Amino acid sequence: MVGFVSVALFCAPFATLTYAVPGHLAGHALPPGLRVLVPLGRSIRVGMILADEPAPPQGVEIKPLVWPLERAPLLDAAYLDMIDNLAARQMCHPGRVLGQILPTGLRQSKVVFTAPEKARLRRQTPRALLEATPQEATELAAQWAAGVMQVSGAGRGPERALRLLVDPPWPVRPGATARIALLDYLYERGQTPLSVVTGYFGRDMGPVIRALGQLGLVEMGACDGTSPDGEDSCLAPAAAPCPPEAPEEVSDAPLTDEQCAAMAHLSPLLCAPGGAVRLVHGVTGSGKTRLYLELARQCLDMGRSVVLLAPEVALAGHLYRAVREALPDATVILSHGSLSPAAREAAFRRAAAAREPVVVVGARSALFLPVAAPGLIVLDEEHDASFKQEERLGYQAKEVAFFRARREGGLLVLGSATPDVKTYHAAARGAVPCVVLSRRAGTSQPPEIEIVDMGQTVKAPSRQAGPGGGKPPERTAVLAQASAAALAETVARGEQAIILLNRRGYAPVLYCLDCETVLSCPDCDLAYTFHKTRQRLVCHYCGRTQDFPAPCAKCGGTHFLPLGAGSESLAEELSGVLPPGTAVARLDRDSAARPGRTEEILAEFASGASRVLVGTQMLSKGHHFPRVTLVIAADADMGRNLPDYRAAERTFQLLVQVAGRAGRGDIPGKVLIQTRNPGDPFWELVRGADYQGFFSQELARREKWGYPPFSKLALVRISFPKDDPAGFTALSDVGRVLREAATAAGGGVRVLGPAPASLPLIGGRKRYHCMIKSPDWPAIRVLFAKVRAVVPRGSEVRISLDLDPVDML
DNA sequence: ACCAGTGTATCC
DNA sequence: GATACACTGGTA
Ligand SMILES: [Zn+2]
Ligand SMILES: [Zn+2]
């Protein structure tokens with residue numbers, strides 16, 4: 001043995017383990033960033049070399065690694081530092097991070113080596129390499145070094161299926177219930193793909209299947225013909241139709257004065273050693289994309305790569321086309337979550353192997369393409385929530401991008417018309433200098449925004465209802481009369497309209513018709529949600545509850561309205577407003593269930609096949625419909641008052657963004673914002689797209705109530721099976737331990753809750769959460785580390801930490 | 001004595 | 001995640 005390396009495993013147990021370099025690989029470079037096959041127990045796994053290990057750990061047998069999977073490292077030192085950083089933030093092994101961000105093909109140990117032998121190619125399995133004699137291994141190592149020994153993925157091959165070889169009665173003992181169940185199942189269904197079998201019985205069937213195979217009762221073979229499920233491989237989504245064109249047309253026109261000034265500020269920062277961050281605060285239509293492309297061109301000229309990120313796949317596609325057009329000679333790599341595994345792997349490998357600077361364009365995950373030392377990273381629409389990955393490995397792309405820019409010496413550009421309040425706060429403090437584009441670049445006119453008073457739309461519920469009464473009115477209309485009239489006119493003119501709604505399916509927020517505010521928690525300044533079954537109002541931040549019905553705590557009023565009510569009957573309402581036969585398209589979470597379906601609906605609408613599109617926020621994201629001249633934000637009040645401290649910020653961003661997109665073209669657009677409280681100064685700020693005004697108002701509120709950026713927020717999520725008696729014990733333990741730890745930590749760390757989650761039951765599991773407010777992140781990690789220890793290992797209680805939660809769900 | 005089925009500790 | 005080993009409760 002000639003030394004040791006530490007290897008991070010890509011699958012459980014994800015640990016970083018020490019392996020010896022075997023003699024036959026002595027002369028070969030095994031640098032960090034190289035993938036290797038290693039033995040673990042009796043199996044062979046893939047991992048990544050993280051470092052040379054000078055002193056192996058004592059007391060364990062150190063095994064030699066089996067074989068490298070590439071000749072040159074896939075990842076460089078800076079990338080591995082980023083992995084370490086992510087692992088530290090998430091308090092997990094680097095291997096787990098790698099297991100999440102590498103394309104599947106690069107994490108599989110099922111590979112085949114081929115090496116020439118007597119004028120023929122001989123296949124070598126990893127196991128054969130493990131068991132090779134030192135002499136064979138040395139010969140193969142020489143072939144590997146010479147490049148004549150190759151490695152390839154095992155190929156997915158046809159899916160394997162299970163087939164019966166015997167007829168009943170089964171030659172097994174009557175007590176062997178699992179075996180009998182499997183045999184009966186196969187008898188009934190005939191040949192069945194393995195994935196269907198494991199899907200039906202669960203993962204624990206593995207040993208049973210193998211035992212029956214050895215007994216010769218079942219056979220594992222290639223699928224022939226169709227599966228009895230009819231579940232064939234035609235499920236791949238059809239190629240999505242071309243989405244509507246990008247809103248910001250990028251021309252060759254000379255830069256505006258403002259754009260020139262911005263370039264003068266930004267271009268010296270490209271490839272800045274030690275990194276630099278700048279906010280580009282540019283109103284819609286001010287030509288931010290143009291700026292990005294100019295910067296990208298200069299960065300490539302300096303010999304460094306560029307990463308351009310958009311919040312959504314469709315937007316990344318627009319950006320990709322713009323880059324191809326503006327920089328026709330550059331190598332451009334598109335990467336996002338909707339690519340096939342093979343395409344993702346190809347993009348990853350291209351980025352890793354690139355010798356010339358490249359441009360990477362994509363959504364969030366494209367940030368993890370291993371391009372060497374990008375000199376420019378752009379996050380367009382930096383305020384967008386989708387830059388934070390929620391599930392599995394949680395990360396905030398903005399933070400990761402910042403890390404990369406600093407570590408590898410690049411400029412990070414955060415672009416938005418309506419920046420994240422936290423980003424703008426950093427800009428206002430001078431921590432992130434800001435470049436402003438305040439004028440529209442083209443000739444297009446901003447749309448007209450009108451605030452529509454909904455106050456008269458609902459007949460107020462009978463005033464004689466005594467205290468404690470407060471029944472909601474029988475029927476509420478979604479559209480105010482003025483909106484309905486505008487809609488009818490628009491359609492009559494042959495133009496199109498969009499009606500924006502909020503997401504449904506949560507417990508409602510109640511609006512007091514007497515004082516025109518929502519019922520809210522006095523400790524958190526957060527809307528209560530009404531839980532009908534418990535007849536209570538609940539604050540999802542601190543868990544405070546209040547009986548309901550009861551008079552309004554602020555004004556004593558007894559007339560309430562659930563926000564967002566009535567949208568179920570919108571279709572009916574529309575049919576009363578629109579001429580008979582007018583086509584109305586719908587876009588919501590359900591209709592967008594299938595990948596590609598969203599784009600289909602949008603393309604159909606863009607083609608003019610339907611006149612009115614009813615949908616949620618996903619509409620706002622950069623889709624452009626030139627024939628849409630009317631946008632109605634139907635329940636803006638609901639968005640403004642959602643139980644989330646960022647509700648106002650999100651609503652401001654959404655509405656300003658929508659307004660910027662309406663009716664671009666020769667026809668001026670109109671945006672109608674419906675509210676029951678037109679006197680709220682917030683709406684005037686939206687109407688004027690007055691970001692500064694909104695920012696100072698919102699910042700004051702955040703400071704008063706101790707929300708970010710004046711504190712760090714984290715959510716400890718706890719879930720357990722709904723009839724697990726250990727669940728509630730664990731829940732109260734978690735709350736108690738968190739509180740104790742917070743008191744011990746001092747320094748203003750506060751714990752709220754536990755409170756039930758907004759979706760209190762998912763998949764038979766009850767869900768709760770505790771919120772932590774802290775002056776800094778480390779204190780939160782310390783608390784979480786303590787509380788994680790109180791949940792017994794192997795229990796059904798699951799606990800996770802969400803830093804700066806975007807969605808409380 | 002033996003085995004099927006299940007639970008659980010370990011893997012450099 | 002895969003595997004081996006230890007344990008349980010049943011059959012022969
Ligand atoms: Zn009131
Ligand atoms: Zn509260």
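To find a chain, count down the sequence lines: A is the first, B the second, and so on, and within it residues start at 1. Any value given below was found using the heavy atoms of this structure, including those in side chains, with hydrogens, waters and symmetry copies removed. Just so you know, these numbers come straight off a predicted model, no measurement behind them.
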Atom CG of Leu37(A) and atom C1' of dC12(B) are separated, to the nearest Å, by 15 Å

| request: Would you mind classifying the nucleic acid contact of Pro39(A) as base, sugar-phosphate or nothing, using non-hydrogen atoms under 4.0 angstrom? | output: sugar-phosphate

Gln108(A) atom CD is separated from dG1(C) atom C1', nearest whole Å, by 13 Å

Leu40(A) atom CG is separated from dC11(B) atom C1', nearest whole Å, by 4 Å

Whole-Å distance, Lys110(A) NZ to dG1(C) P, equals 13 Å

Taken to the nearest whole Å, CZ/Arg107(A) to P/dG1(C) is 11 Å

Rounded to whole Å, the CZ-P distance (Phe4(A) to dC12(B)) equals 14 Å

Arg404(A)/Asp81(A) ion pair, N-O < 4.0 Å = no

Taken to the nearest whole Å, NE2/His93(A) to P/dC11(B) is 13 Å

*Side-chain ion pair, Glu399(A) and Arg89(A), N-O less than 4.0 Å*: yes

query = Would a distance-only check, ignoring hydrogens and angles, find a side-chain to backbone donor-acceptor pair under 3.5 Å from Arg45(A) to Ala12(A)?
reply = yes

- Hey, is Asp802(A) close enough to Arg717(A) for a salt bridge, meaning N to O under 4.0 Å? yes

Picking from dC12(B), dT3(C), dG1(C), the nucleotide nearest the side-chain atoms of Ala12(A) would be dG1(C)

On DNA chain C, more 5' by nearest nucleotide between Arg42(A) and Arg45(A) is Arg45(A)

Atom CD1 of Ile44(A) and atom P of dT3(C) are separated, to the nearest Å, by 11 Å

Out of dA2(C), dC12(B), dC11(B), minimum distance to the side chain of Lys63(A) belongs to dC12(B)

